[in-house]
Novice: 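Structure in structure tokens, see below.
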Amino acid sequence: MISDKVRVRFAPSPTGYLHVGGLRTALFNFLFARHHGGYFILRIEDTDRTRYVPGAEENLIKTLRWTGLDYDEGPGVGGPYGPYRQSQRLDLYAEHARRLVEEGHAYYCFCTPERLEAMRQEQIRRKEPPMYDGTCRKLSRQEAEERKKAGEPYVVRLKMPRTGETVVEDIIRGKVVFQNAVVDDQVLVKSDGYPTYHLASVVDDHYMRITHVIRGEEWLPSVPKHIQLYRAFGWEVPQMAHLPLLLNPDRSKLSKRQGDVAVEDYIRKGYLPQALINFVALLGWNPGTEQEIFTLEELIQQFSLERIHKAGAVFDIQKLNWLNGYYIRQLPEDQLIAFLTPFLERAGYDVSDREKTRKIILAVYKGIDKGEDIAEAARLFYDSEVKIEEPEAREMLAQPSTRTVLETFLQKLDQVEGLDLETFKVIMKEIQQETGIKKKALWMPLRIALTGLTHGPELPLVIDIFGKAEVRRRIKYVLDTYLASNPEA
RNA sequence: GGCGCGUUCGUCUAGGGGUUUAGGACGCCGGCCUCUCACGCCGGUAACACGGGUUCGAAUCCCGUACGCGCUGCCA
């Protein structure tokens, strides 16, 4: 039984945005922690100075906040094992690297990047596995110290055992065995003094008391290096769980170029956090029931690492769209209006008339998948000119009954005060009784005259939104420009 | 090339030897609702990579092959 001391972390590199794969990793860590009443920690892995992106961390945290995955310890909220930013823990890594060298588990390496690159090329050419050739591994401690003192640039490398095997019992994959001989002498400290991921994450996971390392499958091959490090330090190895990858439609690792990968992209297009969370939770995990819709609370209750699938999962935008549309339709009216109005505004439409905007949104929201779709769906309400271009609409226009309906409607319109829903119904009923025209032949002419389209929101809603004057103007306009041949018009 | 991981409908998946004519969801197709579209509801389409074992019996266990993906960086 897992106690309430579970501590897990989401440890992203601040490269500019939150990747959806990262979101899934964060979610699973979060769910695991919450399910067991443990702690969810955010740690920023900013050890690559060449990849520094200004504002990346702030953006990452802002986006994480949007998802609702609150962390218990990390930048901004603090915690007993901070700092939670690796660039602020440099001394700790340096001290531990020194310890490794002193105890014979690592060594200084003076090989230049150029030499390393040439060596790799040669190995590839000879069809040998590209690995460090061990040149500096053979250096005596004294010689290494001298060269170091002389100011020669150096890195620290892990002295990987050349024999034996390293075994890990992964929660998701079971037993995985690696031959130590094929594991490279990984660089632990770069020549700029910064640690690499391997050293920093092991040191931090230990001092931050991480009990379960839950991360992407791409890390599985470096597990033996990490275990070696834990052993060298004499530390307990945390439980490991390597998540299946998120894939592009062509089954390669999810990346840009094949669609949006930044959570920010999805926010911008009008996806709801609950939809994205629900969707991403089902990528590689399911509770074994036929439930598809989950609140965060339900996910927390039902989540378990044991039910995570082993194979990679394609990020299927169609299912996300369905889920998002579902969540939009579930939104209470006030939230629906608040959520969609900005998208109308962004499309350049005038939303100053709150009541009209509300009616428009209510008329079209059922047919959209995401926020930005509202612009296209609501367009007919904002175009001042009725343009009839669809062949089907033109065909309808040519029907003799169309003219009859529109002209009769206009006559009756002029006899009433206002045009509320009730009045509209009465008028339609009268036209039907007087002319004998009904169903499609009766309603479609109105729809086309008002919107120029054969598809759209329910007609009563359209009438209500336009109001008497605009309805009159549109019908008159269509009669004058599209049906102008009749002298009676 | 080496090492590792994986392989059930197009996609996400259920399934732990017989209860399976392999279930659900998205998509797609058809129907109903309806002035139209959408929503909603109903129905349909579609899969155990291949080959050997083990077993009375395999999608489920074992081995192999193929294919896919990941890693192979002083990136994470």
Side-chain angles (χ1 to χ4, degrees), chain A residues 11-15 45-48 50-51 109 111-113 116-117 120 123-131 153-157 170 172-173 176-179 181-184 186-198 200-201 215-224 242 244-245 247 249-253 279 282-293 307 309-323 325-326 329 363-368 377 392-393 396 428 438-448 451 453-460:
Chain A
S13 176
T15 52
E45 309 235 330
D46 55 347
T47 55
D48 186 355
T50 66
R51 282 212 198 173
C109 172
C111 296
T112 64
L116 259 20
E117 184 52 30
R120 256 192 294 273
Q123 288 168 331
I124 291 169
R125 196 185 62 76
R126 291 208 300 249
K127 301 210 187 236
E128 290 169 8
M131 275 179 80
Y154 67 93
V155 301
V156 176
R157 277 184 191 275
D170 188 275
I172 296 170
R173 277 144 227 289
V176 183
V177 182
F178 300 89
Q179 294 303 316
V182 300
V183 180
D184 208 357
Q186 184 63 233
V187 170
L188 301 175
V189 179
K190 308 174 221 179
S191 56
D192 65 2
Y194 275 63
T196 58
Y197 170 86
H198 309 281
S201 72
R215 82 246 275 196
E217 191 188 350
E218 70 267 30
W219 292 108
L220 195 52
S222 49
V223 164
H242 287 87
L245 257 23
L247 274 21
D250 71 357
R251 303 203 78 84
S252 57
K253 185 172 159 184
F279 174 64
L282 261 14
L283 256 25
W285 175 87
N286 84 85
T289 63
E290 290 184 350
Q291 185 176 358
E292 298 282 341
I293 306 293
R307 287 205 63 88
H309 211 231
K310 291 183 177 74
V314 172
F315 189 93
D316 177 18
I317 193 76
Q318 304 225 75
K319 187 156 185 179
L320 204 211
N321 284 341
W322 167 73
L323 265 172
Y326 172 82
R329 277 171 245 126
V364 302
Y365 81 97
K366 277 184 184 168
I368 65 172
E392 202 188 324
M396 191 74 219
M428 293 307 280
K438 55 187 173 181
K439 291 264 184 178
K440 196 164 182 169
L442 171 67
W443 294 81
M444 198 47 85
L446 262 299
R447 171 175 297 287
I448 292 168
T451 68
L453 306 166
T454 52
H455 305 310
E458 289 170 40
L459 223 28

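All figures in this text were calculated on a predicted structure; none of them were measured in a lab. Chain letters run A, B, ... following the sequence lines, proteins first, then strands; residues in each count from 1.
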Novice: Tell me which nucleotide among B/C26, B/G4, B/G24 gets nearest to the side chain of A/Q318.
Specialist: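 The nucleotide sitting nearest to the side chain is B/C26.
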Novice: So what's B/G16 paired with, Watson-Crick or G-U wobble, going by both distances under 3.5 Å?
Specialist: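 B/G16 is paired with nothing.
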Novice: Counting Watson-Crick and G-U wobble pairs only, both distances under 3.5 Å, name the nucleotide matched with B/G43, or none.
Specialist: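 Matched B/G43 with B/C29 under the 3.5 Å cut-off.
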Novice: Please classify the nucleic acid contact of A/V155 as base, sugar-phosphate, or nothing, using heavy-atom distances under 4.0 Å.
Specialist: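 The residue A/V155 makes base contact.
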Novice: Distance between the C1' atoms of B/A66 and B/A49, in whole angstroms?
Specialist: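 Each nucleotide's C1' atom is 8 Å from the other's.
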Novice: Output yes when A/E458 and A/K366 qualify as a salt bridge under the 4.0 Å nitrogen-oxygen rule, no when they do not.
Specialist: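 Here A/E458 does not pair with A/K366 in a salt bridge, since their nearest N and O are not under 4.0 Å apart.
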Novice: Kindly say if A/R307 contacts the phosphate of B/G15, meaning a side-chain N or O under 4.0 Å from OP1 or OP2.
Specialist: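 Answer is yes, contact under 4.0 Å.
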Novice: Can you tell if the side chain of A/R215 reaches within under 4.5 Å of the side chain of A/H242, non-hydrogen atoms only?
Specialist: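 Side-chain contact under 4.5 Å: yes.
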Novice: Please name the nucleotide paired to B/A22 by Watson-Crick or G-U wobble geometry with both distances under 3.5 Å, or report none.
Specialist: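 Looking at the geometry, B/A22 pairs with no nucleotide.
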Novice: Would you say that A/K253 contacts A/E217 through its side chain, given a criterion of any heavy-atom pair below 4.5 Å between the two side chains?
Specialist: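 No; the side chains remain at least 4.5 Å from each other.
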Novice: Can you tell me how the ring of A/W219 sits relative to the ring of A/H198, calling it parallel under 30°, perpendicular over 60° and tilted otherwise?
Specialist: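 Perpendicular.
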Novice: Does B/A38 pair with anything, Watson-Crick or G-U wobble, both distances under 3.5 Å, and if so, with which nucleotide?
Specialist: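 Answer to the pairing question: none, since B/A38 forms no Watson-Crick or G-U pair.
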Novice: Please figure out whether A/W322 or A/R329 has its closest RNA chain B nucleotide nearer the 5' end.
Specialist: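 Whichever sits nearer the 5' end wins; that is A/W322.
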Novice: Taking atom P in both B/C28 and B/U11, compute the distance separating them and give it to the nearest angstrom.
Specialist: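 Going atom to atom, P in each nucleotide, I get 16 Å.
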Novice: Could you work out the separation of B/A25 and B/A14 based on their C1' atoms and round it to a whole Å?
Specialist: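 Taking atom C1' in both B/A25 and B/A14, they lie 11 Å apart.
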Novice: Which nucleotide, in any strand shown, forms a Watson-Crick or G-U wobble pair with B/U7, with both distances under 3.5 Å?
Specialist: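 In the structure as shown, B/U7 has B/A66 as its Watson-Crick or wobble partner.
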Novice: Which one is paired to B/G1, where only Watson-Crick or G-U wobble pairs with both distances under 3.5 angstrom count?
Specialist: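 Pairing partner, where one exists within any strand: B/U72.
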Novice: Would you classify A/V177 as touching base, sugar-phosphate or nothing, given that sugar-phosphate means primed atoms plus P, OP1 and OP2, and contacts are heavy atoms under 4.0 Å?
Specialist: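 Sugar-phosphate, no base atom in range.
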Novice: Would you measure the distance from the C1' atom in B/G6 across to the matching atom in B/U13 and give it in whole Å?
Specialist: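 16 Å, rounded to whole Å.
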